[in-house]
Amino acid sequence: MIRDAVSATARNSRRPLPEPEEERRLLESLRAGEHAAFETLVRTYSGRLLAVTRRLLRDEEDARDALQEALLSAFRSLAGFQGEARLSTWLHRIAVNCALMKMRARRCRPQEDPIDDLLPTFLPDGHVERGAVPWREGADMMLERTELCGLVRGCIDRLPESYRTVLLLRDVEELDTEETARLLGITPNNVKIRLHRARLALRGLLDPHLRQERV
Amino acid sequence: MDCREVIEQFLMDYVSRALSPEQEAAFDLHLAQCPSCVNYLRSYQETVRLGGSLGAATPADEVPESLVQAVLAVTRQ
């Protein structure tokens, strides 16, 4: 029955997210233990969840493993989900958490690359060493959208891991400071410091591609 | 307030409107005298915007059917 409510042909993981009312009906069917409802959940949301795990994890196999773990974790936790958030939001948090767990499990580099080389430098009098040049207006109008996404993603992937993760969680996945701090086991103040440095570094990496040419 | 303080200490809070009125006034005073920091501020804001659009714009990915079937098989048990 719930298949009819959400879509009997929810085989395409790229379909639009259901409206809140559809989500509520889906949740009711999930709570009633209808396995067809869980299949609908998997087919409706897993495409977006895979995009999340791929953004956080560089390795494709890890991203798929994290998605699988997230779906199974959601299945096991359904009874405890009271609907206090949207189903899509709840699933997003689970996928982020599973991706972070996978990231921790794979972390084997004892020392991280320093970020200092990517940050702005200053003269002894406090002036910035190389004056900032304006960027082209509406940067995303200047480049093809997919090209711009690839550029931004590529620059984010060049950030040291601890900075890259904070930037992804805060600016891309849009988690708040407190939740990011909790997930990473660091203080909210540390999140703010890392986020700012990550943004400065990302800005520096994007600058050569987006700055206006000097005439 | 000099460029270093503007960029390293106050920029993020300025963008998120978390500075005190006095700090914001000092920040604005510096901007009025420093075109480089104006450019820096704008490109920093654009950086944040581009990051956010990356999440919103990324389409859902195609999930391998084998993965879907594996999950469904476990949850049917």
Side-chain angles (χ1 to χ4, degrees), chain A residues 11-15 17 35 38-39 42-43 45-52 54-55 63-64 67-68 71-72 75-76 119-120 122-123 125-128 130-135 139-140 145 148-149 151-153 156 167-168 170-174 192 195-196 199-200 202-203 206-207 210-211, chain B residues 1-19 23 26-27 29-31 33-77:
Chain A
R11 298 191 70 81
N12 188 344
S13 51
R14 294 168 189 259
R15 66 189 295 276
L17 280 177
H35 195 266
F38 185 70
E39 180 169 353
V42 170
R43 295 196 181 282
Y45 297 96
S46 58
R48 280 170 186 78
L49 300 180
L50 182 58
V52 171
R54 277 181 175 152
R55 281 197 290 267
R64 291 183 184 187
L67 169 64
Q68 190 162 339
L71 293 169
L72 293 174
F75 180 78
R76 289 191 296 267
L119 298 178
F122 300 90
L123 299 168
D125 66 0
H127 283 85
V128 69
R130 289 175 54 223
V133 174
W135 281 5
D140 50 356
R145 184 137 196 88
L148 186 67
C149 282
L151 171 67
V152 176
R153 185 173 177 148
I156 290 174
L167 186 128
L168 283 170
R170 287 285 288 109
D171 285 350
V172 181
E173 304 303 333
E174 298 184 335
K192 289 183 70 176
L195 175 62
H196 183 51
R199 287 173 172 175
L200 293 178
L202 178 59
R203 184 218 158 270
L206 290 171
D207 187 54
L210 300 180
R211 57 169 37 209
Chain B
M1 199 179 282
D2 61 22
C3 300
R4 178 190 284 271
E5 291 169 319
V6 161
I7 292 171
E8 290 188 343
Q9 290 181 43
F10 297 108
L11 184 56
M12 184 161 72
D13 284 341
Y14 182 82
V15 167
S16 55
R17 309 214 60 143
L19 291 182
Q23 288 171 328
F27 194 100
L29 182 64
H30 179 89
L31 289 186
Q33 301 162 347
C34 183
S36 174
C37 279
V38 172
N39 291 335
Y40 203 97
L41 167 67
R42 288 180 181 155
S43 56
Y44 182 92
Q45 289 172 313
E46 184 69 0
T47 300
V48 176
R49 196 189 67 76
L50 286 171
S53 69
L54 191 67
T58 308
D61 292 350
E62 204 68 53
V63 178
E65 183 62 21
S66 57
L67 191 156
V68 171
Q69 291 302 329
V71 170
L72 295 178
V74 171
T75 55
R76 266 192 206 104
Q77 289 169 0

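The structure presented is a predicted model; accordingly, all values stated were derived computationally and were not measured. A, B, ... follow the sequence lines: proteins, then strands. Residue 1 opens every chain.
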If every non-hydrogen atom of [X] is compared with every non-hydrogen atom of [Y], which pair is closest and at what distance?
{"X": "A:Gly126", "Y": "B:Asp2", "result": "CA-OD2, 3.5 Å"}
{"X": "A:Arg64", "Y": "B:Leu67", "result": "O-CD1, 3.6 Å"}
{"X": "A:Val172", "Y": "B:Gly51", "result": "CG2-O, 3.4 Å"}

Sort by residue number and list every member of residues 6-16 of chain B having a non-hydrogen atom under 4.5 Å from chain A.
B:Ile7, B:Glu8, B:Leu11, B:Met12, B:Asp13
Counting only non-hydrogen atoms closer than 4.5 Å, does [X] touch chain B with its backbone (N, CA, C, O), its side chain (CB onward), both, or neither?
{"X": "A:His127", "value": "both"}
{"X": "A:Asp207", "value": "neither"}
{"X": "A:Leu168", "value": "neither"}
{"X": "A:Gln68", "value": "both"}

What part of B:Val74 is in contact with chain A, defined as an atom under 4.5 angstrom from a non-hydrogen atom: side chain, backbone, both or neither?
side chain
At a heavy-atom separation under 4.5 Å, does B:Arg76 approach chain A through its side chain, its backbone, both, or neither?
both
Is any side-chain heavy atom of [X] closer than 4.5 Å to a side-chain heavy atom of [Y]?
{"X": "B:Thr47", "Y": "A:Trp135", "answer": "yes"}
{"X": "B:Gln45", "Y": "A:Arg199", "answer": "no"}
{"X": "B:Val63", "Y": "A:Tyr45", "answer": "no"}

Just by modelled atom types, is the A:Ala132 backbone N or O under 3.5 Å from a matching donor or acceptor in the B:Asn39 side chain?
yes
Pair B:Leu50-A:Leu210, side chain to side chain contact (heavy atoms under 4.5 Å, CB included): steps then yes or no:
CA-CA 12 Å; B:Leu50 286 171; A:Leu210 300 180; 3.8 Å; yes
